[in-house]
Protein chains: 2
Amino acid sequence: MHKPAREIEKSLSTVGYRLTRPRRAVIKVLVQARRSLSLDEILIRARKLEPRIGLATVYRTLEMLTAEGHLEEVRTRTKRYMLACSNFSLHFHLVCERCQTVTELPSTPETQSLTAALQMRNFEPCGSAVEILGLCERCRNRGASETKPVHLRSSPPHVSEIPHNQSGLSKK
Amino acid sequence: MHKPAREIEKSLSTVGYRLTRPRRAVIKVLVQARRSLSLDEILIRARKLEPRIGLATVYRTLEMLTAEGHLEEVRTRTKRYMLACSNFSLHFHLVCERCQTVTELPSTPETQSLTAALQMRNFEPCGSAVEILGLCERCRNRGASETKPVHLRSSPPHVSEIPHNQSGLSKK
DNA sequence: AGCTTATTGAGAATTTTTCTCAATAAGCAT
DNA sequence: ATGCTTATTGAGAAAAATTCTCAATAAGCT
Ligand SMILES: [Mn+2]
Ligand SMILES: [Mn+2]
Ligand SMILES: [Zn+2]
Ligand SMILES: [Zn+2]
């Protein structure tokens with residue numbers, strides 16, 4: 001499972017990072033969320049803990065946490081972040097493009113051999129998770145409707161008509 | 001292998017799309033490139049064939065071609081595009097984050113069983129390729145240097161000091 | 001309590017993607 | 001060929017996402 005906030009913090013300070021309030025806030029948000037979060041979500045939640053935290057700081061902290069191996073970056077239309085699983089070996093993420101849910105695909109003999117195939121080719125995966133984008137079971141089922149626009153030109157969301165910017169981020 | 005331009009065009013018009021000069025230009029660019037291209041690259045090349053082609057049109061065409069299954073979208077820092085392989089079943093792309101090269105991982109028993117695992121979970125991968133981001137052999141070798149900034153805050157490129165925008169795209 | 005300097009916040013600036021709408025041209029039918 | 005209908009385009013604005021700048025702040029260490 002995931003490391004507790006305390007452990008992440010200790011790890012960071014050991015490597016020389018300062019343990020600041022904004023950083024703690026972001027970490028806490030990510031630990032408490034039991035799922036992947038978008039930047040917007042992280043920012044909003046972090047501000048409840050640390051009202052003055054800035055946008056750039058959140059980006060910087062996420063970048064740092066990812067680089068240090070505490071986060072996994074999930075690339076959908078826009079990036080999302082979730083705690084890295086202690087399971088350090090290469091594994092798989094099933095990412096639903098509709099509801100953004102990220103499901104871990106447990107390590108099995110099959111996935112193992114795929115890992116071997118990568119080594120054979122001297123390809124070094126970065127990050128410890130391979131992302132497979134698609135539709136989760138739930139979304140797939142009730143998705144018969146808005147699934148396949150014939151001439152597209154319709155694309156976007158599935159959940160709301162809100163401009164897209166889930167919250168106060170855009171310019172002004 | 002990849003379909004020739006002619007075939008893609010026929011397929012499009014069959015489905016009801018008009019075969020316009022801008023579209024033909026984009027298709028030609030993609031077919032002639034033997035690798036994945038960034039939007040900038042596509043735009044520049046397309047303009048050599050069709051000088052007045054607009055940015056939005058390129059985006060729209062890429063979106064359309066992808067939706068029609070003629071392109072595969074590769075998501076690195078920014079998206080790239082390459083011709084879809086006729087190999088329609090789920091397969092893997094080894095994407096080098098350094099040099100952007102995309103290598104196909106041929107379908108083997110291992111990859112097959114992974115596909116089965118996805119079906120078992122009722123997860124429907126979108127697009128026919130799973131992308132595995134990492135470092136290719138070449139980049140990995142001569143990468144000892146700029147590989148791992150201790151406190152990051154240094155990240156970016158590896159190839160040039162150019163602002164990042166490889167060419168005339170940005171605002172003005 | 002004082003020092004040093006990593007880190008922050010605010011806002012500007014970039015970069016990337018999407019949208020708007022009048023003008024254009026592809027495909028089809030004379 | 002000529003004309004119609006309307007999908008598609010180009011230009012620019014706008015939106016969205018990310019990165020940068022720099023003075024002010026506050027961790028961590030004495
Ligand atoms: Mn994981
Ligand atoms: Mn492929
Ligand atoms: Zn879903
Ligand atoms: Zn490479």
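The chains referred to below are lettered A, B, ... by the order of the sequence lines, with proteins before strands, and numbering in each begins at 1. A quick note: this is a predicted structure, and the numbers were derived from the prediction, not measured.
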Completion exercise
Overall bend of the helix from C/dA1-D/dT30 to C/dT30-D/dA1 (five pairs an end, 10° steps) is 40°
Problem - Candidate list B/Thr61, B/Val26, B/Leu65, test side chain to side chain contact (heavy atoms under 4.5 Å, CB included), partner B/Leu71, passing option - result: B/Leu65
Practice task
Could you check how far CG of A/Leu55 sits from P of C/dG11, rounded to whole Å?
Solution key: 12 Å
Handout entry: A/Glu41 CD - D/dA17 C1' separation (whole Å)
Key = 15 Å
Handout entry: Under the side chain to side chain contact (heavy atoms under 4.5 Å, CB included) test, residues paired with B/Glu7 that sit two or more places apart
Key = B/Lys3, B/Pro4
Fill in the blank from the handout: Atom CG of A/Leu65 and atom C1' of C/dT7 are separated, to the nearest Å, by 14 Å
Problem - Whole-Å distance separating the CZ atom of A/Arg47 from the P atom of C/dG9 - result: 9 Å
Problem - Nucleotide nearest A/Arg23 when distance is taken to its side chain, options D/dG10, C/dT18, C/dT8 - result: C/dT8
Problem - Test salt bridge (Lys or Arg N to Asp or Glu O under 4.0 Å) applied to A/Arg45 - qualifying residues, sequence neighbours left out - result: none
Exercise for the section: State which residues pass side-chain hydrogen bond (donor to acceptor under 3.5 Å, both in side chains) with B/Thr103; sequence neighbours excluded, sorted by chain then number. Expected result: none
Practice task
Starting at the 5' end of nucleotides 23-30 of chain C, put B wherever the base has a protein heavy atom under 4.0 Å, S where only the sugar-phosphate does, and a dash everywhere else.
Solution key: --BBS---
Practice task
Find which nucleotide of DNA chain D each of B/Glu50 and A/Ala56 is nearest to by heavy atoms, and output the residue with the more 5' nucleotide.
Solution key: B/Glu50
Problem - For atom CZ of A/Arg52 and atom P of C/dG11, their distance in whole Å - result: 10 Å
Handout entry: Heavy-atom pair with the smallest gap, counting every atom of B/Leu114 and B/Phe92
Key = CD2-CZ, 3.2 Å
Handout entry: All side chain to side chain contact (heavy atoms under 4.5 Å, CB included) counterparts of B/Thr20, not counting sequence neighbours
Key = B/Arg18, B/Pro22, B/Arg23
Handout entry: Residues which pass side-chain hydrogen bond (donor to acceptor under 3.5 Å, both in side chains) with A/Gln112, listed by chain and number, not counting sequence neighbours
Key = A/Ser107
Handout entry: side chain to side chain contact (heavy atoms under 4.5 Å, CB included) partners for B/Arg121, two or more places apart
Key = A/Leu94, A/Leu105, A/Pro106
Problem - Any B/Tyr59 side-chain N or O less than 4.0 Å from OP1/OP2 of C/dT18 - result: no
Handout entry: Length of the CZ-P vector between B/Arg60 and C/dT17, whole Å
Key = 15 Å
Exercise for the section: Could you list the residues that satisfy side chain to side chain contact (heavy atoms under 4.5 Å, CB included) with B/Thr108, not counting sequence neighbours? Expected result: B/Glu110, B/Thr111
Practice task
Starting at atom CG of B/Leu62, determine the distance to atom P of C/dT16, rounded to an integer number of angstrom.
Solution key: 15 Å
Handout entry: B/Leu39 CG - C/dT17 P separation (whole Å)
Key = 7 Å
